[in-house]
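Have a look at the structure below, then the notes.
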Amino acid sequence: MKKLHQYEYARPALTVDIVVFALDEDDLMVMLIQRDLAPFEGQWALPGGFVHIDETLDDAARRELQEETGLQDIFLEQLYTFGDLNRDPRERVVTVAYYALVNLEGHNVQANTDARNAAWFAMSELPKLAFDHEQILQVAHERLRGKVRYQPIGFELLPDKFTLRQLQHLYEVILDRELDKRNFRKKVLGMEIVKETSEIEKDVAHRAARLYRFDKKNYDKLTRQGFHFEI
């Protein structure tokens, strides 16, 4: 059997950890798993685990996410590398963190493998987290707040069809500030990246609003022409 590698010196283990964000009516949510193994057995943590010798980092992140939460086929992007010497009590472990965005309505969560439970928590009501996952989550939150203003990744948190009210709520929750309704709608519609549908909301207590879709085809076309997205 051919050896893949042979090292003279000790080397750290490598893991991936994933911060999964979603949006509900009141808060930005994050997916956590309850660990079923030591260390930190029974404590809440980000989904993640060790990288196999024969897989890429992206493949490892997708696999761990599916194994521990059942989530798959969602927006996923590499975030940052965390390598504090004492971040894992078992051994020297370096982790490559990712963040993911998902629409709550379209995905069911189911714990598996070494996760005892998997659940959504509001960012404003988080439990104590294992390892250095509070730091990882903070970095991911700051990345989301910065990037959502300059790339249309926020649409990943919405259903395929949404109202302008829902879109504005998304930005207000992530940026943690109120936005002027008239100015926001004028700016969004002026960018020509959302497309009006012939449908309106159903089964709502308030006046039904028009539904829109993100026009990725037109966004890509405008981007090639030098368009810059900014909220």
Side-chain angles (χ1 to χ4, degrees), residues 12-51 57 60-72 74-105 107-148 153-154 156-157 169-170 172-177:
L14 182 63
T15 61
V16 289
D17 288 300
I18 307 99
V19 181
V20 186
F21 290 115
L23 186 74
D24 74 355
E25 294 182 359
D26 302 308
D27 209 335
L28 184 65
M29 312 293 288
V30 63
M31 163 63 58
L32 299 177
I33 59 104
Q34 189 177 30
R35 290 180 56 80
D36 201 30
L37 301 173
F40 305 106
E41 182 178 354
Q43 195 163 327
W44 292 96
L46 299 172
F50 288 94
V51 178
L57 291 171
R62 294 188 186 97
R63 173 182 54 77
E64 286 290 344
L65 197 57
Q66 182 176 1
E67 286 181 355
E68 294 192 338
T69 70
L71 294 173
Q72 55 183 323
I74 63 176
F75 174 91
L76 184 71
E77 186 170 275
Q78 195 172 124
L79 174 66
Y80 195 74
T81 301
F82 296 82
D84 186 86
L85 292 176
N86 301 310
R87 61 173 307 275
D88 192 316
R90 292 168 295 187
E91 58 179 317
R92 177 80 170 96
V93 178
V94 172
T95 194
V96 179
Y98 284 75
Y99 73 103
L101 306 177
V102 63
N103 170 28
L104 278 177
E105 296 181 4
H107 295 85
N108 295 321
V109 172
Q110 184 176 359
N112 206 340
T113 61
D114 57 351
R116 183 180 302 175
N117 192 12
W120 292 103
F121 287 83
M123 284 289 293
S124 57
E125 299 177 354
L126 293 174
K128 180 177 176 59
L129 301 183
F131 304 103
D132 56 352
H133 289 185
E134 291 181 11
Q135 179 187 3
I136 295 175
L137 179 54
Q138 181 180 2
V139 173
H141 191 198
E142 289 301 316
R143 172 71 65 83
L144 176 62
R145 293 180 69 177
K147 198 160 188 175
V148 76
I153 62 173
E156 301 286 348
L157 297 168
H169 172 68
L170 179 152
E172 289 179 335
V173 168
I174 294 176
L175 300 177
D176 194 25
R177 61 184 175 90

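Start at 1 with the first residue, then count along the sequence.
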Checklist entry - Under a 4.5 Å cut-off applied to non-hydrogen side-chain atoms, are L23 and L104 in contact? => result no
Next on the checklist: So for atom OH, which belongs to Y80, do other residues, nucleotides or ligands contribute more than 12 heavy atoms lying within a distance under 6.0 Å?
Outcome noted: no
Item to check | Any side-chain heavy-atom pair of V30 and L137 under 4.5 Å | outcome: yes
Next on the checklist: When you compare the side chain of L28 with that of I174, does any pair of heavy atoms fall below 4.5 Å?
Outcome noted: yes
Next on the checklist: V20 and side-chain contact (heavy atoms from CB on, under 4.5 Å): which single residue from L65, L46, L32 fits?
Outcome noted: L65
Checklist entry - Does any donor atom in the side chain of Y98 or E77 lie under 3.5 Å from an acceptor atom in the other side chain? => result no
Checklist entry - Going through the distances and angles, do D26 and V173 end up as a side-chain contact (heavy atoms from CB on, under 4.5 Å)? => result CA-CA 8 Å; D26 302 308; V173 168; over 6 Å; no
Checklist entry - Between atom CD of E68 and atom CZ of R35, what is the distance when rounded to the nearest 0.5 Å? => result 8.0 Å
Next on the checklist: For the CD atom on E125, are there more than 12 heavy atoms of other groups (residues, nucleotides or ligands in this structure) within a distance under 6.0 Å?
Outcome noted: no
Item to check | Backbone N/O of D132 and side chain of R87: donor-acceptor pair under 3.5 Å | outcome: no
Item to check | Side-chain touch L129/Q43, heavy atoms, less than 4.5 angstrom | outcome: no
Checklist entry - Would you call the rings of W44 and F121 parallel, tilted or perpendicular if under 30° counts as parallel and over 60° as perpendicular? => result perpendicular
Checklist outcome for this item: Between L79 and R143 the two heavy atoms that sit nearest each other are O-NH2, 2.9 Å
Item to check | Non-hydrogen side-chain atoms of Q66 and Q72 separated by less than 4.5 Å | outcome: yes
Checklist outcome for this item: Closest heavy-atom pair, L85 versus R92, reported as atoms and distance to 0.1 Å, is CD2-NE, 3.4 Å
Checklist entry - If every non-hydrogen atom of D27 is compared with every non-hydrogen atom of A122, which pair is closest and at what distance? => result OD2-CB, 3.3 Å
Item to check | Test item: H141 and M123 side chains (from C-beta on) under 4.5 Å apart, heavy atoms | outcome: yes
Next on the checklist: Rounded at 0.5 Å granularity, tell me how far OH in Y99 sits from CG in L144.
Outcome noted: 7.0 Å
Checklist entry - Take atom CD in E41; do more than 12 heavy atoms of anything else shown fall under 6.0 Å from it? => result yes
Next on the checklist: Is any side-chain heavy atom of T69 closer than 4.5 Å to one of I33?
Outcome noted: yes
Checklist entry - Below 4.5 Å, heavy atoms only, C-beta onward: do L71 and I18 meet side chain to side chain? => result no
Checklist entry - Rounded to the nearest 0.5 Å, what separation is found between the CG atom of N117 and the CG atom of D36? => result 10.0 Å
Checklist outcome for this item: Value for CG (N103) from CD1 (I74), rounded to nearest 0.5 Å, stands at 11.0 Å
Item to check | Plane angle bin for H133 and F131 - parallel if under 30°, tilted between 30 and 60°, otherwise perpendicular | outcome: tilted
Next on the checklist: So, taking the atom named CD in Q135 and the one named CG in D84, what distance separates them when rounded to the nearest 0.5 Å?
Outcome noted: 7.5 Å
Checklist entry - With a cut-off of 6.0 Å (strictly less than), are more than 12 heavy atoms of other residues, nucleotides or ligands near CD of E91? => result yes
